[in-house]
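Residue numbers run from 1 in the order of the sequence given. For the numbers below, each heavy atom of this structure counts, side chains included, while hydrogens, waters and symmetry mates do not.
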Amino acid sequence: MYPSPSSLLLLMVSSSWAAHFYGGTMTFNPRGSNPDGTYTVDLRYKTGFHSCTFSDTWVCVSGDCGTRTSLAVQTVDQEISGAWCQTEGLMTRHVSNNTHTFDLRMDGGNWISTINNVLGWRLLTHVDLGVRSDTGKANRSPQTTVIPLMRVPVNCHRDFNLLSFDPDGDTVRCRYAVPTDECDTSSNLPGVDFTLRGDCTLSFWSNSNTTGTYAVQMMMEDFPTQSISLSYTDGSQSNRTSGHTLSKLPVQFAITVDPVVPSCTEGVYIPMFLSPTPAQGALLYASADHPLEITVRAQATNSVVSELLMSGPGYITENTTSPGEYLLRWTPTDDEEGGYYPVCFITQGVLGSSSYHSELRCVIISVNSRAITTTAEPTTPPPLTTQLTTTPVATTFPTTTQPTTELTTFSTNPTTELTTDLKTFSARPTTELTTESTTQLTTTTAPTPTDFTNVSTNPTTDLTTNGAGNTTMSSGPRYIVGLRMKLSSLTPLTDDYIREIVLQQLREELIRRGLSGNVTLRLRATQEISP
């Protein structure tokens, strides 16, 4: 029997949709018990396709997945050229109070054309709702989201720092998905160009000079920081150590490796984020029925910042307030109170037919009835106030030719305070260039206090902004930069993150002074001091 013309058209359209997959993610949040003895869990998933009208169904592949009681799907963002559209689905399920774990899976069709030959797509989520012995509450998954397609020039280094926030304070790790359970086709990326670290950072540094689009298929897992037990209503328990997975989430997206860019320096062709854009990993606070506003600002001197690409919770809106400046606005509902919601964004610069993406930056929003603030402003530094003077230097000018960075790290309150004293000296003992600047940066990064005083940076590490081709030292003026920074946080900050803040603050200061952002910055040495 042949299909009718109308059904044939439907089949053709479905096939077209299925051939344009750009990845997806899923997270879950337990909501508590119901009068009938069932348990409510919210599952939020995002999928990227060429069309905004695509929808598909998650199927239960293991355990008792309960009953789906509601499903709402809406568009999150669409790339301006129409290349991709990301939607979010909010699925609520009622599961039996005897449920231990269950697995949900969505699969179908083909990825977009990729040079690592990934064909069919599959997303798998492993849910465990056991009550934790350390928190007394049901286990919650890490929170993450991602842009469906991100770009990087073939001659530039890029770290894609994926958001991996865990509400329970667990350790979060990432790995490649395993076919055919967690993905449909082998997902490993070429090791000569990509490195996936356990901390969910995907690093790109091309050694093959191969351009094209890659499919990235990963799994994000959370592990307890100490031995705990998970309890279930039937009286059973499951013991978990730091080596045992609690939940598994799919994280899939595409990366396009573009042709060579004349300069890899942020702020030239590749857009660079400026204040008051929130810092990577910032924790923002919001309350139900009150709008949260996040300002994102970026600039590039040799390309036009044309678009903000964003992934966040449903009903988040985006507006362009001025060239290179965008306002994200989201009003949580009562149903979203008590949860954590990720937002990630990048900016796109355009020059002719070429497109350049900024770094990926992500924040997490905590929604509660007693929010500390309803805007993102406290998480970002205000403009620096500086005075610039040039005076003769005595013969006792320091003879050292390496910059020294002193980092003091302490944790005393639920905010992060960043105080920067910036002094810049000419490497030639003829003039002194002095810059005094102070910035207050308030950022809360996690709900669990952690005291740490042993932040250190490798004094032999060079952090260099690379242009096209090999890195070389500029033959122009060279300066010694001494930077004293006090930084406190509720969670340990990595050395790379601290160095990123130092270099970003310095580059922004140079741009404010009218200097070119296309300079080479090398962090040659650091010194750790006690609080």
Side-chain angles (χ1 to χ4, degrees), residues 23-31 39-47 56-68 89-108 121-132 135 137-146 162-185 187 196 198 200 216-225 228-234 236-253 339-340 342:
T25 62
M26 190 180 204
T27 63
F28 65 85
N29 184 37
R31 305 295 295 182
Y39 202 82
T40 298
V41 57
D42 288 341
L43 301 106
R44 290 179 179 263
Y45 62 93
K46 293 185 176 70
T47 50
D56 209 334
T57 303
W58 290 82
V59 297
C60 184
V61 294
S62 176
D64 181 0
C65 303
T67 303
R68 192 184 76 186
L90 172 57
M91 174 173 55
T92 299
R93 303 187 77 92
H94 285 183
V95 299
S96 167
N97 59 8
N98 290 325
T99 296
H100 291 207
T101 63
F102 61 88
D103 293 342
L104 291 168
R105 190 179 72 195
M106 178 191 286
D107 52 17
W121 57 271
R122 175 167 297 159
L123 303 174
L124 179 75
T125 300
H126 175 72
V127 180
D128 193 324
L129 300 176
V131 176
R132 303 168 59 109
T135 66
K137 298 179 180 179
N139 181 58
R140 296 173 291 182
S141 77
Q143 295 297 310
T144 191
T145 191
V146 74
L162 303 180
L163 182 66
S164 55
F165 175 85
D166 190 274
D168 298 320
D170 295 325
T171 299
V172 180
R173 301 177 192 147
C174 289
R175 57 173 174 80
Y176 289 125
V178 177
T180 56
D181 182 28
E182 299 169 339
C183 62
D184 184 74
T185 309
S187 59
L196 176 59
C200 298
V216 182
Q217 301 177 113
M218 299 163 47
M219 297 297 291
M220 181 176 289
E221 301 172 308
D222 54 334
F223 300 82
T225 58
I228 65 171
S229 63
L230 297 179
S231 301
Y232 306 92
T233 54
D234 63 356
S236 63
Q237 285 190 339
S238 175
N239 296 322
R240 307 294 177 89
T241 68
S242 58
H244 290 98
T245 302
L246 294 170
S247 57
K248 301 180 182 181
L249 309 175
V251 181
Q252 300 188 15
F253 54 96
Y340 294 88

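Side chains of Met218 and Phe253 form a contact here, defined as non-hydrogen atoms less than 4.5 Å apart. Side-chain contact check for Leu163 versus Gln143: every heavy-atom pair is 4.5 Å or farther apart. Taking the side chain as every heavy atom from C-beta outward, Glu221 and Arg173 never approach each other to under 4.5 Å. The closest side-chain heavy-atom distance from Ser242 to Thr171 is not below 4.5 Å. Side-chain contact between Thr125 and Trp58 is present, with at least one heavy-atom pair separated by less than 4.5 Å. Two residues are said to be in side-chain contact when any heavy atoms from C-beta on lie closer than 4.5 Å; Leu249 and Pro142 meet this criterion. Residues Arg175 and Lys248 form a side-chain contact, since some pair of their non-hydrogen atoms from C-beta on lies under 4.5 Å apart. Annotation: side chain of Asp222 is not in contact with side chain of Ser141 (no heavy-atom distance under 4.5 Å).
Take Leu129 and apply the side-chain contact (heavy atoms from CB on, under 4.5 Å) test, not counting sequence neighbours, and it matches Phe28, Pro30, Tyr39, Val41, Val95, Phe102, Val127. For Asp234, the side-chain contact (heavy atoms from CB on, under 4.5 Å) criterion is met by Asn98, His100, Tyr232, Ser236, not counting sequence neighbours.
Of the possible donor and acceptor atoms, one in the side chain of Gln217 sits under 3.5 Å from a partner among the backbone N and O of Thr185. Arg240 places a side-chain N or O within 3.5 Å of a backbone atom of Thr245 that can act as its donor or acceptor partner. Not one N or O on the side chain of Asp168 forms a donor-acceptor pair closer than 3.5 Å with the backbone of Asp170. Within the 3.5 Å criterion, the main-chain N or O of Arg122 finds a donor-acceptor partner in the side chain of Gln252.
With 3.5 Å as the limit, one finds no donor-acceptor pair spanning the side chains of Ser247 and His126. A donor-acceptor contact under 3.5 angstrom links the side chains of Thr92 and Asp42, judged on distance only.
The minimum heavy-atom distance linking Gly130 with Leu230 is given by the pair O-CD2, 3.8 Å. Among all heavy-atom pairs drawn from Gly339 and Asn29, the shortest one is CA-ND2, 4.4 Å.
For the atom pair CG of Leu124 and CD of Glu182, the computed distance is 6.0 Å after rounding to the nearest 0.5 Å. Atom CZ of Arg132 sits about 11.5 Å away from atom OG of Ser231, to the nearest 0.5 Å. From His244, atom NE2 reaches atom CZ of Phe223 across 10.0 Å, with rounding to the nearest 0.5 Å. In this structure, OG1 on Thr47 lies 10.5 Å from CE on Met26, to the nearest 0.5 angstrom. To the nearest 0.5 angstrom, Leu123 atom CG is 8.5 Å from Thr25 atom OG1.
Identified under the salt bridge (Lys or Arg N to Asp or Glu O under 4.0 Å) test for residues 93-105, with sequence neighbours left out: Arg105-Asp107.
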Inset, instruction - Go through the steps to decide whether Trp121 and Met106 satisfy the test side-chain contact (heavy atoms from CB on, under 4.5 Å), and finish with yes or no. - result: CA-CA 8 Å; Trp121 57 271; Met106 178 191 286; 3.5 Å; yes
Inset, instruction - Check the pair Val251, Cys174 against side-chain contact (heavy atoms from CB on, under 4.5 Å), reporting the backbone distance first and the verdict last. - result: CA-CA 9 Å; Val251 181; Cys174 289; 5.6 Å; no
Legend entry - Steps toward side-chain contact (heavy atoms from CB on, under 4.5 Å) verdict (Val61, Asp181): CA-CA 10 Å; Val61 294; Asp181 182 28; over 6 Å; no
